[in-house]
Amino acid sequence: MVPIPSQVLYERLGLKGARKIKTGLSTDADTLDKLREQHPLPGAVLAWREATKLKSTYVDALPNWVGADGRIHTHYDQAVAATGRLSSSDPNLQNIPIRTDEGRRIRDCFVAAPGTVFLSADYSQIELRVLAHHCGEGPLVESFRAGEDIHRRTASEVFGVLPALVSSEQRRAAKAINFGIVYGMGAFRLANDLRIPRAQAQAYIDGYFARYPQVRAYMDGACARARELGYSETLFGRRRPIPGLDAGNQADRAAAERIAINSPIQGTAADIIKLAMIAVDAALRGSGARLLLQVHDELVLEVPEGEVEPVRARVVAAMQGAAALAVPLVVDSGVAPRWGGVH
DNA sequence: TCTGTCACG
DNA sequence: ACGTACGTGACAGAC
């Protein structure tokens, strides 16, 4: 039983500025957020959506997956995601909430077995490090080798201010730029995300590529190579066929180019954590610790309380040593009796 | 079965 | 003038 937000918002209330979709006007979260200034209803719909999403997908559904052993066992597919990532289903444990306080309460429902705790170990900025490796030199490489705050450094380069003088607003913009670079973003999307004029977003992107020419060269090279070969390739040789790079249609061609840019990055990161899982498994032999989950750049283990520090050291070392890139691989870790508390 | 939406990295 | 960031899976509702 669901209201019909679109009719109420756009026909009865006459709110303006919604994004168009195939079937009419969108009521997605980004659109509703922008409509907040016109009326109190969009905000209420957003709150209602968050609550019902959490209830239907997690609170109501997950208890039905608890088995005779009192635990939930997910299913991992190794041959579904085109980039080489794993995917998780029935239930999906790679999309358990964490971004909101209400969501984190769901993650907190996952409790380690008596006498054990969860150990979570995640790669810091692994996709940007892979990109830095592909670039070989420049501020991205320097920055990771020096252990700097990568977004602060990007802001410093793009906005031409000393790192110590980067404002929180500039750092936020740089973070969005770094995030988007990996996906082959355009000015339209960056402008939308940062709520700035499109011309200003374009200036940011131009400024970025002026300071990071090696990133531009990587992107051009990745497209050219994929166009010649018909596929992209990760650092470890995983291939993804990419049709459409010669499409006459500009939008189709641009979409294929974004895939050619992103797949070697996301796919190499996927290869690295798979190698890490093998190394972690070997490093854990003789201990009472068990690997429970992989969430793309994170491994979650269950560890006897008395073994936490030695296991943590082994896991971090195995993950950091899984591949030798031109920049260090850094792994952060946390320990807690509930999943929501590990970071 | 398709679409829109939204949870995660 | 057009469309507009990568990869997934689950749910509700429309058809």
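Given the structure is predicted, the values throughout are model-derived calculations rather than measurements. In what follows, chains carry the letters A, B, and so on, assigned in the order in which the sequence lines appear, proteins first and then strands, with residues in each chain numbered from 1.
Among Asp271(A), Leu235(A), Ile272(A), the single residue meeting the side chain to side chain contact (heavy atoms under 4.5 Å, CB included) criterion with Val130(A) is Ile272(A). Remark: of the listed residues Arg195(A), Arg189(A), Arg36(A), Arg195(A) is the sole one forming a salt bridge (charged side-chain N to carboxylate O under 4.0 Å, His left out) with Asp30(A).
Not counting sequence neighbours, the partners of Ser263(A) by the side-chain hydrogen bond (donor to acceptor under 3.5 Å, both in side chains) test are Arg240(A). For the side-chain contact (heavy atoms from CB on, under 4.5 Å) test, residues two or more places apart in sequence or in another chain that qualify with Ala81(A) are Thr83(A), Arg85(A). Taking Pro97(A) as the reference, Leu54(A), Tyr58(A), Ile106(A) meet the side-chain contact (heavy atoms from CB on, under 4.5 Å) condition, with sequence neighbours excluded.
Straight-line distance from the CG atom of Asp60(A) to the P atom of dA12(C): 8 Å, rounded to whole Å. The separation between Trp65(A) atom CH2 and dG9(C) atom P is 13 Å, rounded to whole Å. If you take CD1 of Ile261(A) and P of dG7(C), they are 12 Å apart, rounded to a whole angstrom. At whole-Å resolution of the value, CG in Asp252(A) and P in dT4(C) are 10 Å apart. Across the protein-nucleic acid pair, Leu93(A) atom CG and dA10(C) atom P stand 10 Å apart, rounded to whole Å. Rounded to an integer number of Å, the gap from CG of Leu62(A) to C1' of dG9(C) is 13 Å. Here the P atom of nucleotide dA10(C) and the CG atom of Asn64(A) are 14 Å apart, to the nearest Å. Across the protein-nucleic acid pair, Asn249(A) atom CG and dT4(C) atom P stand 11 Å apart, rounded to whole Å.
Considering every non-hydrogen atom in both Pro91(A) and Thr74(A), the closest pair reads O-OG1, 2.6 Å. The minimum heavy-atom distance linking Trp339(A) with Val300(A) is given by the pair NE1-CG2, 3.8 Å. In this structure, Ala132(A) and Phe144(A) approach most closely via the heavy-atom pair CB-CD1, 3.9 Å.
In this pair, Phe179(A) and Tyr183(A) present their aromatic rings perpendicular. The plane angle is above 60°, beyond the 30 to 60° band. Ring geometry for Phe159(A) against Tyr204(A) counts as perpendicular: the plane angle is over 60°, on a 0 to 90° scale with 30° as the lower cut.
Comparing dG4(B) with dG3(C), their P atoms are spaced 14 Å from each other, to the whole Å. For dT4(C) and dT5(B), the P atoms lie 14 Å apart once the distance is rounded to whole Å.
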Tell me, for nucleotides 3-9 of chain B in 5' to 3' order, what letter each nucleotide earns: B for a base near a protein heavy atom under 4.0 Å, S for only sugar-phosphate near one, - for neither?
SSSBBBB
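Side chain of Thr83(A), nearest nucleotide from dT4(C), dG7(C), dT8(C): dG7(C).
Gly180(A) comes within 4.0 angstrom of a nucleotide base, judged by non-hydrogen atoms across all strands. Ile259(A) comes within 4.0 angstrom of sugar-phosphate atoms only, judged by non-hydrogen atoms across all strands, and of no base. Residue contacts for Ala82(A): at a heavy-atom cut-off of 4.0 Å it reaches the sugar-phosphate backbone alone, with no base atom in range. Residue contacts for Ala61(A): at a heavy-atom cut-off of 4.0 Å it reaches the sugar-phosphate backbone alone, with no base atom in range. In this structure, Asn192(A) reaches neither bases nor backbone, as no heavy-atom distance under 4.0 Å exists between it and the strands shown. Using a 4.0 Å heavy-atom cutoff across all strands shown, Arg240(A) reaches sugar-phosphate atoms only and no base atom.
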Check step by step if salt bridge (Lys or Arg N to Asp or Glu O under 4.0 Å) holds for Glu102(A) and Arg105(A).
CA-CA 5 Å; Glu102(A) 286 288 291; Arg105(A) 294 178 63 193; 3.4 Å; yes
For Leu86(A) and Lys274(A), run side-chain contact (heavy atoms from CB on, under 4.5 Å): C-alpha distance rounded to whole Å, both residues' side-chain angles, the deciding distance at 0.1 Å, then the answer.
CA-CA 9 Å; Leu86(A) 302 185; Lys274(A) 285 180 172 180; 3.7 Å; yes
Give DNA chain C the dot-bracket treatment, 5' to 3': Watson-Crick (N1-N3 with N6-O4 or O6-N4) or G-U (N1-O2, O6-N3) under 3.5 Å, [ ] crossing, | other strand.
.....|||||||||.
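Within residues 323-343 of chain A, no residue has any heavy atom under 4.0 Å from DNA chain C.
Phosphate contact (OP1/OP2 of dG9(C), side-chain N/O of Ser87(A), threshold under 4.0 Å): present.
Environment of NZ in Lys34(A): crowded, with over 12 heavy atoms of neighbouring residues, nucleotides or ligands closer than 6.0 Å.
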